[in-house]
There are 2 protein chains.
Amino acid sequence: MARPPAARQRALDAFAHIVVRDGERAAALEAVARAAGISKGGLLYHFGSKEALVAGLLEHLARLTEEDVAEMRADPEGATAHILRTSAQFGSDFEPVYIATVNLAQAGYDEARAALRAADTAWREAVLDEVGDEAVARAIVLLSDGIYAHAAVYGGPTGHDIAELRGLIAQLLAARRDS
Amino acid sequence: MARPPAARQRALDAFAHIVVRDGERAAALEAVARAAGISKGGLLYHFGSKEALVAGLLEHLARLTEEDVAEMRADPEGATAHILRTSAQFGSDFEPVYIATVNLAQAGYDEARAALRAADTAWREAVLDEVGDEAVARAIVLLSDGIYAHAAVYGGPTGHDIAELRGLIAQLLAARRDS
DNA sequence: GTCTATACCCAGATAGAC
DNA sequence: GTCTATCTGGGTATAGAC
């Protein structure tokens with residue numbers, strides 16, 4: 001696959017960051033173009049419309065999600081540790097794209113909803129394969145969603161103690177195995 | 001306090017519902033007015049600007065949150081049961097106002113962020129007073145946030161099994177008391 | 001207290017030069 | 001591949017009638 005021009009990717013990154021930081025409203029083509037270091041016309045060469053810009057972001061998310069799930073399953077600490085760790089990780093490649101998508105879903109872009117559903121399902125399955133307990137797997141993904149929701153709303157590190165959560169989950173799994 | 005005219009409250013409700021259903025973008029003054037059964041001019045009589053409309057919604061949220069926390073603390077099943085139950089409750093008065101506020105926070109209205117922080121803190125304290133375990137209290141509020149995030153993104157009942165979550169939490173608390 | 005009409009502004013999109 | 005210039009639609013807000 002031919003490497004897309006740098007400006008295109010820069011535009012996508014700028015779009016995601018503005019959506020996360022200031023909301024969808026603020027992510028006007030003009031503002032995105034400026035942040036990407038091109039003009040509005042230049043941006044509209046790469047993406048023929050705002051819809052196309054959103055579609056580009058969702059494609060990017062799909063790619064990153066696939067990688068993320070593969071990493072989860074391969075993580076020596078386990079899928080649960082991975083999902084909690086990355087949920088709270090400010091500064092990853094994945095996070096701004098995911099949170100921007102949450103934002104877009106709530107701004108009324110229905111395609112964004114579908115993308116999030118797909119990610120959630122993939123995560124839950126990976127966690128389930130590790131813990132082997134449906135109820136706990138659902139709860140773990142819910143915790144991860146809660147952490148992301150905090151990041152999306154407050155726009156910064158969430159301050160949630162991941163080690164603490166992992167400890168709770170380990171205790172819970174142990175208690176359920178015993179009973 | 002003088003009872004505000006009915007049209008005002010109808011406008012507020014309409015605003016919240018459109019924001020939840022279709023996003024902030026779709027909640028144009030025109031659309032809100034139509035849904036409330038008044039004209040754009042009539043709406044702008046009650047709320048001099050869109051900012052004022054948002055402020056009105058946040059005030060409403062503050063009132064409802066106060067009531068909700070009082071109910072939590074008085075709930076015979078306990079604060080934890082209450083927060084999980086109401087998080088998943090589609091059709092309450094509280095839910096659309098809360099989710100609309102989440103949406104507005106992400107659309108860039110900073111005052112909405114502050115309102116959400118206040119609600120989260122009040123909830124966590126109420127839960128903590130019940131369970132007496134900081135880590136578990138944080139996790140419970142996080143689960144509730146996760147449930148709300150689902151409702152906000154997917155716009156309907158979340159399908160999370162509250163009884164299941166309550167069971168997990170009870171098991172966890174028991175395990176921690178033993179150790 | 002609510003309406004209509006209208007002014008204003010800005011975001012999204014097009015045309016065409018370079 | 002990127003630019004400038006320009007059009008258009010729609011959302012916010014004001015003025016003033018009823």
Side-chain angles (χ1 to χ4, degrees), chain A residues 1-60 100 103-104 106-112, chain B residues 1-60 100 103-104 106-112:
Chain A
M1 64 181 132
R3 189 169 64 83
R8 198 190 136 95
Q9 190 57 47
R10 275 210 317 277
L12 234 32
D13 290 346
F15 179 51
H17 276 97
I18 295 174
V19 169
V20 171
R21 210 176 201 53
D22 306 312
E24 195 274 340
R25 283 199 106 179
L29 297 184
E30 169 89 60
V32 173
R34 202 173 335 117
I38 57 177
S39 75
K40 194 156 57 151
L43 174 59
L44 281 162
Y45 165 78
H46 291 291
F47 303 94
S49 69
K50 191 156 188 182
E51 279 287 325
L53 191 56
V54 172
L57 188 74
L58 296 183
E59 237 174 84
H60 190 193
N103 246 323
L104 292 173
Q106 295 183 6
Y109 291 89
D110 289 331
E111 325 83 61
Chain B
M1 59 183 135
R3 189 168 65 82
R8 197 190 138 95
Q9 189 57 47
R10 276 208 319 278
L12 233 33
D13 290 346
F15 179 52
H17 276 97
I18 296 174
V19 169
V20 171
R21 210 175 201 55
D22 307 312
E24 195 275 339
R25 282 196 106 182
L29 297 184
E30 169 90 58
V32 173
R34 200 172 338 113
I38 56 178
S39 75
K40 200 161 44 154
L43 174 59
L44 281 163
Y45 165 77
H46 291 291
F47 302 94
S49 70
K50 191 157 188 181
E51 280 287 324
L53 191 56
V54 172
L57 188 75
L58 296 183
E59 237 173 83
H60 191 191
N103 247 323
L104 292 174
Q106 295 183 6
Y109 292 89
D110 289 330
E111 326 82 60

K.L.:
What's the spacing between A/Arg34 CZ and A/Ser39 OG if we round to 0.5 Å?
P.N.:
12.0 Å
K.L.:
Once you round it to whole Å, what is the distance between P of C/dA11 and CZ of A/Phe15?
P.N.:
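After rounding, the reported distance stands at 14 Å.
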K.L.:
Please determine whether side chain to side chain contact (heavy atoms under 4.5 Å, CB included) holds for the pair B/Leu29 and B/Lys40, giving the CA-CA distance in whole Å, both sets of side-chain angles, and the decisive distance to 0.1 Å.
P.N.:
CA-CA 6 Å; B/Leu29 297 184; B/Lys40 200 161 44 154; 4.2 Å; yes
K.L.:
Is the phosphate of D/dT2 approached by A/Tyr45 (side-chain N or O, under 4.0 Å from OP1 or OP2)?
P.N.:
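For D/dT2, OP1/OP2 do not have a side-chain N/O of A/Tyr45 under 4.0 Å.
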K.L.:
Can you check the A/Phe47 CZ to C/dA13 P distance for me, whole Å?
P.N.:
13 Å
K.L.:
If I take atom CG in residue B/Leu43 and atom P in nucleotide C/dT4, what distance separates them, rounded to the nearest angstrom?
P.N.:
13 Å
K.L.:
Pick base, sugar-phosphate or nothing for B/Leu44, based on heavy-atom distances below 4.0 Å to the nucleic acid.
P.N.:
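Base, at least one base heavy atom under 4.0 Å.
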K.L.:
Round to a whole Å and report the spacing from CD1 of B/Ile38 to P of C/dC3.
P.N.:
6 Å
K.L.:
5'-most contact on DNA chain D: A/Gly41 or A/Arg25, nearest heavy atom basis?
P.N.:
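It is A/Gly41 whose nearest nucleotide is closer to the 5' end.
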K.L.:
B/Arg34 CZ to D/dG11 C1': how many Å, rounded?
P.N.:
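Checked: the CZ to C1' distance equals 13 Å.
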K.L.:
OP1 or OP2 of C/dT2 less than 4.0 angstrom from a side-chain nitrogen or oxygen of B/His46, does that happen here?
P.N.:
yes
K.L.:
From the set D/dT4, C/dT4, C/dA13, return the single nucleotide nearest to any side-chain atom of B/Ser39.
P.N.:
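The nucleotide sitting nearest to the side chain is C/dT4.
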K.L.:
Would you say the side-chain atoms of A/Arg10 pair up with the backbone N or O of A/Ala36, donor to acceptor, closer than 3.5 Å?
P.N.:
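Between the backbone of A/Ala36 and the side chain of A/Arg10 there is a qualifying donor-acceptor contact (under 3.5 Å).
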K.L.:
Nearest whole Å is fine: how far is D/dA13 C1' from B/Glu51 CD?
P.N.:
13 Å
K.L.:
Return the value, rounded to whole Å, for the distance between atom CD1 of B/Ile18 and atom P of D/dG11.
P.N.:
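Computing the B/Ile18:CD1 to D/dG11:P distance gives 11 Å.
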K.L.:
Is there a donor on the side chain of B/Lys40 or the base of D/dG11 sitting less than 3.5 Å from an acceptor on the other?
P.N.:
no
K.L.:
Take the protein atom CG of A/Leu29 and the nucleotide atom P of C/dG12, then report the distance between them rounded to whole Å.
P.N.:
4 Å
K.L.:
Let me confirm one number: the CG-NE2 distance from B/Leu12 to B/His46, rounded to the nearest 0.5 Å.
P.N.:
11.0 Å
K.L.:
Identify which nucleotide among D/dT12, C/dA13, C/dA11 has an atom closest to any side-chain atom of B/Ala28, counting heavy atoms from C-beta outward.
P.N.:
D/dT12
K.L.:
Measure the spacing between CD of A/Gln9 and NE2 of A/His60 and express it to the nearest 0.5 Å.
P.N.:
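The CD atom of A/Gln9 sits 5.0 Å away from the NE2 atom of A/His60.
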